[in-house]
Amino acid sequence: QVQLVESGGGSVQSGGSLRLSCAASGYTYREYSTGWFRQAPGKEREGVAVIDRNGGTRYTDSVKGRFTISQDKAKNTLYLQMNSLKPEDTAMYYCAAGGPVYISRAYFPAANDFSYWGQGTQVTVSS
């Protein structure tokens with residue numbers, strides 16, 4: 001049974017940093033893409049960053065240059081380093097796994113491209 005457990009969320013002031021972690025059990029990050037999505041109240045879930053089995057990454061435009069996705073395959077853990085946080089980054093952040101094997105430059109994977117989800121961790125950025 002696949003379990004994804006996120007941690008690292010919290011409340012920070014604008015300009016601050018957080019690092020989210022997603023520990024996986026019953027699943028290996030070696031085969032398929034994984035990623036981070038977020039959902040703010042009243043809004044649809046949106047992709048933030050994804051990484052494929054070869055380390056290829058994609059970011060949504062609003063976080064480019066501020067967020068970095070990475071994975072430690074030995075620890076089976078996915079990370080999202082978030083710097084220069086803004087109030088508009090406030091959302092519940094979800095770890096997703098079991099996505100496409102490779103990430104195309106022309107296509108940012110959608111939420112329904114991923115098979116497994118964590119329970120989410122809240123990020124709140126105050127101005």
Side-chain angles (χ1 to χ4, degrees):
Q1 184 177 358
V2 176
Q3 278 195 318
L4 304 175
V5 180
E6 301 101 332
S7 61
S11 297
V12 295
Q13 291 190 328
S14 181
S17 297
L18 286 172
R19 188 175 82 153
L20 306 183
S21 299
C22 177
S25 59
Y27 179 88
T28 175
Y29 285 129
R30 299 178 188 273
E31 298 181 6
Y32 302 98
S33 59
T34 54
W36 292 94
F37 287 71
R38 66 187 179 187
Q39 189 166 17
K43 295 188 176 180
E44 292 187 356
R45 190 169 297 192
E46 67 165 344
V48 176
V50 293
I51 184 168
D52 68 18
R53 61 184 291 177
N54 290 337
T57 58
R58 289 284 310 279
Y59 298 90
T60 193
D61 287 345
S62 63
V63 308
K64 286 180 181 177
R66 300 189 298 122
F67 291 11
T68 303
I69 188 171
S70 62
Q71 56 189 31
D72 185 329
K73 294 182 179 180
K75 295 182 178 180
N76 224 24
T77 301
L78 180 72
Y79 301 100
L80 184 68
Q81 178 66 44
M82 306 186 295
N83 299 327
S84 301
L85 282 160
K86 304 176 181 181
E88 51 264 43
D89 295 318
T90 295
M92 185 72 78
Y93 282 70
Y94 298 91
C95 171
V101 174
Y102 298 108
I103 301 169
S104 165
R105 287 184 176 273
Y107 176 68
F108 193 107
N112 59 14
D113 289 325
F114 291 82
S115 301
Y116 307 106
W117 292 87
Q119 82 289 350
T121 185
Q122 178 68 37
V123 172
T124 302
V125 185
S126 58
S127 57

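Reckoned from all heavy atoms, side chains included, excluding hydrogens, waters and symmetry mates. A quick note: this is a predicted structure, and the numbers were derived from the prediction, not measured.
Between the OG atom of Ser126 and the NZ atom of Lys86 there is a distance of 15.5 Å, given to the nearest 0.5 Å. Here Leu80 contributes atom CG and Ser21 contributes atom OG; the two are 9.5 Å apart, rounded to the nearest 0.5 Å. Distance check: Met92 CE to Thr124 OG1 gives 8.5 Å after rounding to the nearest 0.5 Å.
A donor-acceptor contact shorter than 3.5 Å links the side chain of Asp52 to the backbone of Asn54. In this structure, the side chain of Arg58 engages the main chain of Arg105 through a donor-acceptor pair within 3.5 Å. Within the 3.5 Å criterion, the main-chain N or O of Tyr27 finds a donor-acceptor partner in the side chain of Asn76.
Through side-chain heavy atoms spaced under 4.5 Å, either directly or across other Ile, Leu, Val, Met, Phe, Trp or Tyr residues, Val5 is tied to no other residue.
Of all heavy-atom pairs spanning Ala40 and Thr90, the tightest one is CB-O, 3.8 Å. When every heavy atom of Asn83 is checked against every heavy atom of Ser17, the shortest pair comes out as OD1-OG, 2.9 Å. When all heavy atoms are compared, the tightest approach of Pro109 to Ile103 is CD-CG2, 4.2 Å. Of all heavy-atom pairs spanning Tyr94 and Gly118, the tightest one is CD2-O, 3.6 Å. Listed here is the closest heavy atom pair of Gln119 and Leu4: OE1-O, 3.4 Å. Across all non-hydrogen atoms, the minimal contact from Gly47 to Phe108 is CA-CE2, 3.6 Å.
By the neighbour-count criterion of 12 heavy atoms within 6.0 Å, atom NZ of Lys73 is densely surrounded, having more than that number from other residues, nucleotides or ligands. The 12-atom threshold is not exceeded at OH of Tyr32, counting heavy atoms of other residues, nucleotides or ligands nearer than 6.0 Å.
Under the 4.5 Å side-chain heavy-atom criterion for ILVMFWY residues, no single connected hydrophobic cluster contains both Trp117 and Val123. Two different hydrophobic clusters hold Phe114 and Ile69 under the rule that ILVMFWY side chains link at heavy-atom gaps under 4.5 Å. Residues Val50 and Tyr107 are members of separate hydrophobic clusters, defined by side-chain heavy-atom contacts under 4.5 angstrom among Ile, Leu, Val, Met, Phe, Trp and Tyr. Following chains of ILVMFWY side-chain contacts shorter than 4.5 Å, one can reach Ile51 starting from Val48, so the two form part of one hydrophobic cluster.
Within the 4.5 Å cutoff, the side chain of Thr68 has heavy atoms near those of the Tyr59 side chain. Glu6 places none of its side-chain heavy atoms less than 4.5 Å from the side chain of Leu20.
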List the steps and the verdict of side chain to side chain contact (heavy atoms under 4.5 Å, CB included) for Gln81 and Arg19.
-> CA-CA 4 Å; Gln81 178 66 44; Arg19 188 175 82 153; 3.5 Å; yes
Under the side chain to side chain contact (heavy atoms under 4.5 Å, CB included) criterion, do Phe67 and Leu85 qualify, and how do the steps go?
-> CA-CA 9 Å; Phe67 291 11; Leu85 282 160; 3.8 Å; yes
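Sequence neighbours left out, the pairs with a member in residues 33-44 that pass side-chain hydrogen bond (donor to acceptor under 3.5 Å, both in side chains) are Thr34-Gln71, Arg38-Glu46, Arg38-Ser62, Arg38-Asp89, Arg38-Tyr93, Gln39-Arg45.
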